[in-house]
Amino acid sequence: MIKVVTLGEIMLRLSTPGFERFVQAESFDAIYGGGEANVAVSLANYGFDTHFVSKLPKHEIGQSAVNALRRYGVNTDYIVRGGDRVGIYYSETGASARPSKVIYDRAKSAIAEAKVEDFDFEEIFKDCKWFHTSGITPAISKNGAEITKAAMKAAKAAGATLSIDLNYRKKLWTPKQAQSVMRELMEYVDVCIGNEEDASLCLGFTPKGLDVNSGKLDVSAYETIFKEMMEEFGFKYVVSSLRESYSASDNGWSAAIYDGKEFYHSRKYDVRIVDRVGGGDSFAAGLITGLLDGKSTKEALEFAVAASALKHTIKGDFNMMSREEVETLVGGDASGRV
Ligand code: KDG
């Protein structure tokens with residue numbers, strides 16, 4: 001079995017029932033989620049020997065977060081137990097022109113307060129083929145940034161392929177802070193995942209010719225910034241899932257990739273959105289799976305975008321689609337309706 005590792009924070013997600021607003025809710029649905037944990041669940045589901053690295057308190061809520069990962073086959077042996085808090089995020093699901101909302105309550109969580117010495121990276125990355133992390137963990141604290149960098153360095157030394165989802169989070173840091181941390185991490189990255197906003201805010205690439213207010217996607221502008229990013233940082237792949245329009249009524253979903261030779265724009269799906277959270281993570285996991293399976297660049301992209309389109313139909317952070325279900329969509333009806 002191929003060993004893959006992801007590192008990050010898993011949080012308690014408290015969602016208002018249905019489409020209720022925060023101020024209206026009298027109860028919350030409690031589940032667990034977090035960018036890199038969501039990727040781990042998908043990868044475990046696709047049959048990889050998947051390990052999630054983090055720190056969680058020894059108390060029962062920490063245990064419950066561990067159990068949520070185990071339930072889907074993620075190996076939790078590298079989760080260090082200690083610290084005081086499980087991070088929380090509250091979510092309110094929008095509809096039509098009303099956007100979804102997230103409120104974080106994650107300061108001083110166990111992983112935000114963890115130290116590099118808490119983790120035995122040599123052991124963690126032994127025989128590891130792929131390491132995935134994101135721009136969320138470096139944003140949660142100075143310690144989070146140090147842990148991410150140490151992990152990336154160790155993974156590279158161990159011979160793993162590295163992917164990062166830039167995942168800019170405006171509630172966690174400013175573009176200036178993000179760039180000073182994220183640009184430095186890029187030397188370890190093979191596969192850089194991020195949309196135009198991430199590229200601009202985390203790395204300082206201002207996409208020319210991309211006007212998100214026009215309501216229309218200019219794919220050729222992606223080709224230009226992908227090439228610029230690859231030239232500066234030497235990535236093997238630059239890739240992004242793409243919201244085809246920023247209008248509330250268009251749920252077009254596609255993706256683009258540049259592998260140093262060709263630029264591909266995937267098939268477009270018309271998604272029925274049940275829960276957008278984790279859509280990007282399911283995309284990252286799909287891409288990693290496609291590339292680890294030895295698919296061509298284009299095939300890996302199509303697998304990733306189909307996986308991600310399907311995730312939008314599932315409530316919660318985790319994508320619980322099987323490989324077969326994803327392949328069926330890839331090979332199916334050209335209408336692209338999900
Ligand atoms: O990508 C999904 C994440 O945004 C969600 O799981 C919460 O990890 C989270 C974050 O930091 O926003």
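Sequence positions, counted from 1, serve as the residue numbers for this chain. Counting starts at 1 for both ligands and their atoms, following the listed order.
- Heavy-atom distances between G280 and ligand 1 stay at or above 4.0 Å for every pair.
- Looking only at distances, no side-chain donor or acceptor of N319 sits under 3.5 Å from a matching main-chain atom of N38.
- The pair R323-D293 meets the salt-bridge criterion, with a side-chain N (NZ, NE, NH1 or NH2) lying under 4.0 Å from an Asp/Glu carboxylate O.
- In terms of protein heavy-atom proximity, atom 1 (O) of ligand 1 is closest to D281 OD2, 2.7 Å.
- In terms of polar-atom proximity, E9 is not counted as a contact of ligand 1, lacking any N or O under 3.5 Å from an N or O of the ligand.
- Residue G34 approaches ligand 1 through these ligand atoms, each under 4.0 Å from one of its heavy atoms: 6 (O), 8 (O).
- Contact atoms of ligand 1 toward G278: 2 (C) (distance under 4.0 Å to a heavy atom of the residue).
- Here the side chain of Y89 pairs no donor or acceptor atom with the backbone of S15 at under 3.5 angstrom.
- Polar contact check, R169 against ligand 1: a nitrogen or oxygen pair lies under 3.5 Å apart.
- Protein heavy atom at the shortest distance from atom 6 (O) of ligand 1 is D317 OD2, 2.5 Å.
- Within the listing of ligand 1, atoms 2 (C), 6 (O) sit less than 4.0 angstrom from a heavy atom of N38.
- Ring-centre distance between F131 and F121: not below the 6.0 Å cut-off.
- Salt-bridge annotation for D281 and K311: absent, with no side-chain N of the basic residue lying under 4.0 Å from a carboxylate O of the acidic one.
- Distance from atom 8 (O) of ligand 1 to its nearest protein heavy atom, with residue and atom name: G35 N, 3.0 Å.
- In summary, D190 and K236 engage in a salt bridge, as defined by a charged side-chain N under 4.0 Å from a carboxylate O.
- Near I136, the atoms of ligand 1 lying under 4.0 angstrom from a non-hydrogen atom of the residue are 8 (O), 10 (C), 11 (O).
- With respect to the salt-bridge test (charged N to carboxylate O, under 4.0 angstrom), the residues R98 and E92 qualify.
- Residue-ligand proximity: E36 is placed with every non-hydrogen atom at 4.0 Å or more from ligand 1.
- The single protein non-hydrogen atom nearest to atom 9 (C) of ligand 1 is M11 CE, 3.5 Å, given as residue, atom name and distance.
- Using a 4.0 Å cut-off between charged nitrogen and carboxylate oxygen, E231 and K227 do not count as a salt-bridge pair.
- Using a 4.0 Å cut-off between charged nitrogen and carboxylate oxygen, E327 and K295 count as a salt-bridge pair.
- The protein non-hydrogen atom at the shortest distance from atom 11 (O) of ligand 1 is R106 NH1, 2.8 Å.
- Atom 12 (O) of ligand 1 has Y104 OH, 2.5 Å as its closest protein atom, hydrogens excluded (heavy atom only).
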